[in-house]
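Just so you know, these numbers use all the heavy atoms, side chains as well, and skip hydrogens, waters and symmetry mates. It should be emphasised that the depicted structure is a prediction, and the values quoted were computed from it without experimental measurement. Below, chain A is the first sequence line, B the second, and so on; all start at residue 1.
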There are 2 protein chains.
Amino acid sequence: MNIRRRHDTIARTLRRNGTATIDELAHEVGASRRTVLRDISALRYDGFVIYSESGPGGGLQLDPQSIQTSARLSVAEVFALLISVAAMRAAQNLPFSDLADAGLAKIEKSLPSEKVRDLRRFLQCLHIGQLSPKQDLSDLGKIDPTLLPAFENAFLEQCLMRFQYRDAKGAKSSREVEPQAMLVLQPLWYLVAWDPMREGFRHFRMDRISAPECVTGTSFRRRHVPFEKDVSPYSDTVAPSSPNVQTK
Amino acid sequence: MNIRRRHDTIARTLRRNGTATIDELAHEVGASRRTVLRDISALRYDGFVIYSESGPGGGLQLDPQSIQTSARLSVAEVFALLISVAAMRAAQNLPFSDLADAGLAKIEKSLPSEKVRDLRRFLQCLHIGQLSPKQDLSDLGKIDPTLLPAFENAFLEQCLMRFQYRDAKGAKSSREVEPQAMLVLQPLWYLVAWDPMREGFRHFRMDRISAPECVTGTSFRRRHVPFEKDVSPYSDTVAPSSPNVQTK
DNA sequence: TAATTAGTGCCAAAATTTGTCACCAATTAT
DNA sequence: ATAATTGGTGACAAATTTTGGCACTAATTA
């Protein structure tokens, strides 16, 4: 039996049985007592909390709260989770945010540092505000799932982004813009971009964007987005409390 | 050098340099060409997308989108993330929910099946509704971070839960109740429980609960919570569309 | 055609993991 | 007090896995 499978089997058996002796585990996984002891040591090192008691009636016991996942998430999935929690936190009182934060912090730790930098820069362009009650929500659609990776890439590479846009009147147009920020006016999400053709900022409702793609070989400079910004994506990131409110 | 560290180093070098030949990587990690080739094969098996080109000027290239995390989250952290995304999804139009779902599905996959069962059962007791505009929010406080594990444990073990409660008038009392569900009326979160002393359901605002603990050795039966239930925690779980609306 | 680079199969050498054994510490039952 | 049971450690040889070297193929560029 593989060493990894053995670890998994031992953890599973401990979970199922509640308590088990080393000899029982050794028989279960088909290995020697010594090897199981080494495995237990490795599991403890990996963060599993395993209590032990000597003597007759003793044995090992696994703290069920210490069970850990080992999922491997892609960067885009991590971004999506982060955005969810960040937006939720900003918009309302999210309970258990400490736990969610701890999880996200662990995820962050396991990412390469340059990806963490990207990620924080990306979240800093997330603006959250209040939706005007006059807004028409009748044609609210679903957001293209390829939009996030495309925007992420264009934003970080600082290259232009091209997509098809359907405006409020249903008119379609092809756009090529500089993606600068995301705006959340729940339940609406907007892409805030500088349109070089029209020489001005434009808001694009994300559910009206289709066929997004990055225009390789282009580049643009970051612009100051005319928005109130008071959202800190992480609780451990101290947001500057200075009122940098601006209106264009 | 350790095999894991070698894999990490190779992935990091590929990210940093954009492109690299096998001989370069072999020199970087201090291993032979053959070993690096085996490592590349293992990385590909693990989900890293690595392109290769033969001939002069060729080499290996890593798709940055395929970079993966390897964070190990505790069950409580996964719960917190799930609740965030589920509540967010239910309350409004959450973009990129497909990606967040994919991430959560992966996390779920890596958990033992009995934990997944627990988790789904737990999320099924999450009710989301609309807050009455009359509600006083002036004393909105922070929710005790130990509440989630305590509730989770009490709910799954079906044992009583004891805590201190501070009601709207500031009066404090000690409670011992059967936890049945969670109710979200954003930004307020409620614990819905059957109070055996008072013989009826009671709502406890979570930010007014302190010192929660499970009463071991007790047990209770699950009761039908008098709530409208139309929230599906997962997109891939088909919610029964039958109108099981009930009012006590 | 020559040079360069990815990729595979094979086998012995190197390294790591495993099992055995002796032994210690703690706890329970007699 | 003593025996029995159970967790835990160190040392060393045996078993297993990983690694390196080699020969070779396939693709691409100059």
Any S52(B) side-chain nitrogen or oxygen under 4.0 Å from OP1 or OP2 of dG7(C) = yes

For A211(B), does its backbone N or O pair with a side-chain atom of Q164(B) as donor and acceptor, under 3.5 Å?
-> no

Nearest whole angstrom, please: distance from the C1' of dT18(D) to the CZ of R5(B).
-> 18 Å

Between F151(A) and F155(A), what is the ring plane arrangement, given parallel below 30°, perpendicular above 60°, and tilted in between?
-> tilted

Per S54(B) side chain, nearest of listed nucleotides dT5(C), dT4(C), dG8(D) = dT5(C)

Value in whole Å for how far the P atom of dT18(C) lies from CD1 of I22(A) | 16 Å

Taking NZ, NE, NH1 and NH2 as the nitrogens, is one of them in D39(B) or R6(B) under 4.0 Å from a carboxylate oxygen of the other?
-> yes

To the nearest Å, how far apart are I50(A) CD1 and dT6(D) P?
-> 18 Å

With the criterion being N/O to N/O and under 3.5 Å, what pairs connect the protein with nucleotides 8-17 of chain C, and how long is each?
from	atom 1	to	atom 2	distance (Å)
dG9(C)	N7	R34(B)	NH2	3.4
dG9(C)	O6	R34(B)	NE	3.0

Donor on one side chain, acceptor on other, D144(B) and T146(B), under 3.5 Å | yes

With respect to the phosphate group of dG20(D), does any side-chain polar atom (N or O) of S32(B) fall under 4.0 Å of OP1 or OP2?
-> yes

How close or far is atom P of dG7(C) from atom OH of Y45(B), stated in whole angstroms?
-> 18 Å

Just checking L60(A): base, sugar-phosphate only, or nothing, at a heavy-atom cut-off of under 4.0 Å?
-> sugar-phosphate

Select from G55(A) and G30(A) the residue whose nearest nucleotide in DNA chain C is closer to the 5' end of that strand.
-> G30(A)

Expressed in angstrom and rounded to an integer, what is the separation of Y51(A) atom OH from dT27(C) atom P?
-> 17 Å

Which atoms form the tightest heavy-atom contact between F163(B) and L191(B), and what is the distance?
-> CE2-CD2, 3.8 Å

Identify which nucleotide among dG19(C), dG7(C), dG20(D) has an atom closest to any side-chain atom of R44(B), counting heavy atoms from C-beta outward.
-> dG7(C)

Of all the choices, dG7(C), dG19(C), dT5(C), which nucleotide is nearest to the side chain of I40(B) once you look at every atom?
-> dG7(C)

Out of T218(A), L147(A), V215(A), which residue meets the side chain to side chain contact (heavy atoms under 4.5 Å, CB included) rule with M161(A)?
-> L147(A)

Residue P56(B), side-chain atoms from C-beta onward, closest of dG7(C), dT27(C), dT28(D) = dT28(D)

Got a donor-acceptor contact below 3.5 angstrom from the R44(B) side chain to the I50(B) backbone?
-> yes

D39(A) has an atom CG; how far is it from atom C1' of dG8(D), in whole Å?
-> 14 Å

Quick one: N2(B) CG to dT18(D) C1', roughly how many Å, whole number?
-> 12 Å

